[in-house]
**Q** 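Just dropping this structure here.
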Amino acid sequence: MATGPTILHADLDAFYASVEQLLDPSLRGRAIAVGGGVVLACSYEAKRYGVQSGMSGWKARQLCPDLTFVGGHFRDYTRLADEVMSVLHDVTPVVQRISIDEAFLDVSGSVHLFGPPAVIAARIRQRVRDEIGLPISVGAARTKHLAKIASQVAKPDGLVVVDPATELEFLRPLPVGLMWGVGPVTQRKLAERGIHTIGQLADAPESAMHSMLGAVLGSKISALAVNDDQRRVKPHGRAGSVGAQSAFGRREPEPRFVREVLGNLADRVATRLRAKHRAGRTVTVRIRFAGMQAITRSRTGRHPVSATLTLTEIAEQLVFGALVGRADAPDSAQISLLAISVSNLVDQPALQLELPVEPATPDNPGSAVGAARWAIDHSIDAVRHKFGRSAVGYAAVALSQHGSVPDEFRELAEHEL
DNA sequence: TCTGGGGTCCTAGGACCC
DNA sequence: TCTGGGGTCCTAGGACCC
């Protein structure tokens, strides 16, 4: 059965920066970056100088002396992105949002109403431009992977439709880095073998690629082939893990400081879990040292965790255990980041409290200690709901905000639980 | 005198079970 | 004296995405 390019990938251009330029006309046409210590996003005018998101502010200024840094209007990002998504939903209910500013659409059921995919895509772009004021690029193809590549090629502010008959011609000259899953490391390895384009990659002997890069790349190549799974647009998905991290420059890992940071992270993670009646059996911590090397330690318990104090305790045990284990390592004198993540998530209705009381263990919500903590946490959650996050909390947590990033920005990146 | 914060997925080895 | 094979879960590390 022949299928047309009915999968669309819609991707707002330089989203945060475009919003800033929309809100403040004096910024339009100028090289701007959102952020400070690190570039969270930048305008196309800044990209022309080589500025990229994730880059340190220091390096960005070196590349582009005229760069203007602006503080983010994070609430507006959420509001405007949601408005864009509602435009997409006007076209089809089959929308898979994959981040704040991009989504896949399956318009195969909409062509009889709105016309061919190219027309639908053009209409989306026009509406987002007229009604919201933002540039958006759209790619249309037979699969999600191809549609995403097409939208990247379309940027900025463009539309690219990949005709099923000319897919290979379209792909061959493109840089391998446009493929989903080919990042800087893989790109560098391929470049060492003289492979820069998708065509060159397709022509390379698979055995050589396999010995060099493992099986990963083979699956990425085959992902370009058309199959049903590549086409399926899944309207929604739940997150499989919840985490929080904090970078704080270089610090000695003094117990007092480490406890304070972990308490704060555990508070954020556990609060989000409880808000969605979720809990997780696996707790993972990550420690990054001054030299950027990082290690992880995890523990999977019998009972799902969502109590702030329990999560804090487990995280402390994992972190201090790892630090003791590396006390001799020359590179572990200073740490630069701590993270906590909870996975193996399960639903945890309040019903669970009514389980028979088992011997008291902190991580068991059916135990006396677990129930007490659950009750305290829910009291705190309720007070915060009414008076705000800073109204109440555990002592070590309420004190400090090490993160250089506002909570509003953190919330932007959170996935649906 | 730099390197944020939220996630996903994959691999490899070991423990353990049948 | 020899020691299969498959499956699942867990841990650690790493690449990648936005």
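Within every chain, numbering begins at 1; the chains are lettered A, B, ... in the order of the sequence lines, protein sequences first and strands thereafter. When reading the values below, keep in mind they use all heavy atoms of this one structure, side chains included, and skip hydrogens, waters and symmetry mates.
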**Q** Taking for each residue the nucleotide of DNA chain C bearing the nearest heavy atom, is the 5' side occupied by A/Ile295 or by A/Gly177?
**A** A/Ile295
**Q** Any base atoms under 4.0 Å from A/Met292, or only sugar-phosphate, or nothing? Heavy atoms, all strands.
**A** base
**Q** Identify which nucleotide among C/dG13, B/dT3, B/dG6 has an atom closest to any side-chain atom of A/Ser56, counting heavy atoms from C-beta outward.
**A**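 Nearest to the side chain of A/Ser56 among the choices is B/dT3.
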**Q** Counting any heavy atom closer than 4.0 Å, what does A/Gly35 reach on the DNA or RNA strands: base, sugar-phosphate only, or nothing?
**A** nothing
**Q** Check the surroundings of atom NZ in A/Lys47: do more than 12 heavy atoms from other residues, nucleotides or ligands lie under 6.0 Å from it?
**A**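 More than 12 heavy atoms, drawn from other residues, nucleotides or ligands, come within 6.0 Å of this atom.
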**Q** Any base atoms under 4.0 Å from A/Gln245, or only sugar-phosphate, or nothing? Heavy atoms, all strands.
**A**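 Counting heavy atoms under 4.0 Å across all strands, the contact made by A/Gln245 includes a base.
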**Q** A/Lys144 side chain N/O closer than 4.0 Å to the phosphate oxygens (OP1, OP2) of C/dC17?
**A**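 False: A/Lys144 side-chain N/O out of range (4.0 Å or more) of C/dC17 OP1/OP2.
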**Q** Quick check for you: among C/dC18, B/dG7, B/dG5, whose closest atom lies nearest to any side-chain atom of A/Arg272?
**A** B/dG7
**Q** In whole Å, what is the span from the CD atom of A/Glu102 to the P atom of B/dT8?
**A**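 The distance from CD of A/Glu102 to P of B/dT8 comes to 15 Å, rounded to the nearest Å.
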**Q** Which residue lies toward the 5' end of DNA chain C, A/Arg281 or A/Thr296, if each is placed at its nearest nucleotide?
**A** A/Arg281
**Q** Roughly how many Å is it from NE2 in A/His9 to P in C/dC17, rounded to a whole number?
**A**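 Taking NE2 of A/His9 and P of C/dC17, I get 12 Å after rounding.
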**Q** Choose from C/dC18, C/dG13, C/dA15 the nucleotide whose nearest atom is closest to any side-chain atom of A/Val185.
**A** C/dA15
**Q** Could you check which of B/dT8, C/dG13, B/dG5 has an atom nearest any side-chain atom of A/Ser241?
**A** B/dT8
**Q** Can you find a side chain N or O atom of A/Ser336 that sits less than 4.0 Å from OP1 or OP2 on B/dT3?
**A** no
**Q** Look at the side-chain N and O atoms of A/Ser53 and state whether any lies under 4.0 Å from the OP1 or OP2 oxygen of C/dC18.
**A**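 No, because none of the side-chain N or O atoms of A/Ser53 sits under 4.0 Å from OP1 or OP2 of C/dC18.
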**Q** For A/Arg75, is there an ion pair with A/Glu411 - N to carboxylate O distance below 4.0 angstrom?
**A** yes
**Q** With respect to the side chain of A/Pro184, which nucleotide from C/dC16, B/dT8, C/dG13 is positioned closest?
**A**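 Comparing C/dC16, B/dT8, C/dG13 against the side chain of A/Pro184, the answer is C/dC16.
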**Q** Looking only at side-chain N and O atoms, does A/Gln21 offer a donor or acceptor that is under 3.5 Å from a partner on A/Tyr44?
**A** no
**Q** Now, which nucleotide makes the Watson-Crick or G-U wobble pair with B/dG14, with each of the two distances under 3.5 Å?
**A** C/dC9
**Q** Just to confirm, is there a sub-4.0 Å distance from OP1 or OP2 of C/dG14 to any side-chain nitrogen or oxygen of A/Arg286?
**A** no
**Q** Measure from the side-chain heavy atoms of A/Thr186 and tell me the nearest of C/dA15, B/dG7, C/dT11.
**A** C/dA15
**Q** In a check of side-chain contact (heavy atoms from CB on, under 4.5 Å) between A/His9 and each of A/Lys144, A/Gln96, A/Glu102, which one passes?
**A**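 So, applying the side-chain contact (heavy atoms from CB on, under 4.5 Å) to A/His9 and each of A/Lys144, A/Gln96, A/Glu102, only A/Glu102 qualifies.
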**Q** In terms of heavy-atom contacts, does CZ of A/Arg123 have more than 12 from other residues, nucleotides or ligands at under 6.0 Å?
**A** no
**Q** Send over the distance from A/Glu411 CD to B/dG6 C1', rounded to a whole Å.
**A**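 Going from CD in A/Glu411 over to C1' in B/dG6 covers 12 Å.
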**Q** Should we say atom NE2 of A/His89 is surrounded by more than 12 heavy atoms from elsewhere, each under 6.0 Å from it?
**A** yes
**Q** Take A/Val285 and A/Thr296 through the side-chain contact (heavy atoms from CB on, under 4.5 Å) test and state the conclusion after the steps.
**A** CA-CA 6 Å; A/Val285 298; A/Thr296 61; over 6 Å; no
**Q** What is the distance, to the nearest angstrom, from the CG atom on A/Leu338 to the P atom on B/dG6?
**A**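 Atom-to-atom, A/Leu338 to B/dG6, this comes out as 13 Å.
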**Q** Could you tell me whether A/Phe15 contacts a base, only the sugar-phosphate backbone, or nothing, with contacts defined as non-hydrogen atoms closer than 4.0 Å?
**A**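 Nothing, no heavy atom under 4.0 Å.
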**Q** Need one value for A/Val39: base, sugar-phosphate or nothing, where a base atom within 4.0 Å counts as base even if backbone is also close, heavy atoms only.
**A** nothing
**Q** Which of the following nucleotides, C/dC18, C/dT11, B/dG6, is nearest to the side chain of A/Ala413?
**A** B/dG6
**Q** Using the glycosidic torsion, which applies to C/dC2: syn (within 90° of 0) or anti (everything else)?
**A**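 Chi for C/dC2 falls in the anti range.
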**Q** Can you tell me if the side-chain N/O atoms of A/Arg288 get under 4.0 Å from OP1 or OP2 in B/dG4?
**A** yes
**Q** The side chain of A/Arg410 lies closest to which of these nucleotides: B/dG6, B/dG4, C/dA12?
**A** B/dG6
**Q** With nearest nucleotide decided by heavy atoms, which residue, A/Gly249 or A/Val242, maps closer to the 5′ end of DNA chain B?
**A**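 Closer to the 5' end of DNA chain B: A/Gly249.
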**Q** A/Leu417 has an atom CG; how far is it from atom P of B/dG6, in whole Å?
**A**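 Spelled out: CG on A/Leu417 to P on B/dG6 is 12 Å.
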**Q** Using a 4.0 Å heavy-atom cut-off, does A/Ala244 contact any base of the nucleic acid, only the sugar-phosphate backbone, or nothing at all?
**A**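 The residue A/Ala244 makes sugar-phosphate contact but no base contact.
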**Q** Can you check the distance between B/dC16 and C/dG4, where both ends of the measurement are the C1' atom (answer in whole Å)?
**A**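 It works out to 16 Å between them.
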**Q** Can you figure out which of B/dG4, C/dT11, B/dG7 approaches the side chain of A/His415 most closely?
**A** B/dG7
**Q** Rounding to an integer number of Å, can you tell me how far A/Leu40 CG sits from B/dG6 P?
**A**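 Value for this atom pair: 12 Å.
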**Q** To the nearest Å, give me how far apart CZ (A/Arg250) and C1' (B/dT3) are.
**A**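 One finds 10 Å between C1' of B/dT3 and CZ of A/Arg250, rounded.
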**Q** Between A/Leu134 and A/Leu22, does the side-chain contact (heavy atoms from CB on, under 4.5 Å) criterion hold? Intermediate values first, please.
**A** CA-CA 7 Å; A/Leu134 292 171; A/Leu22 172 68; 4.1 Å; yes
**Q** C/dG13 P sits how many Å from A/Phe289 CZ, rounded?
**A**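 Atom CZ in A/Phe289 sits about 10 Å away from atom P in C/dG13.
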**Q** Can you figure out which of C/dC17, B/dG6, B/dT1 approaches the side chain of A/Arg268 most closely?
**A** B/dG6
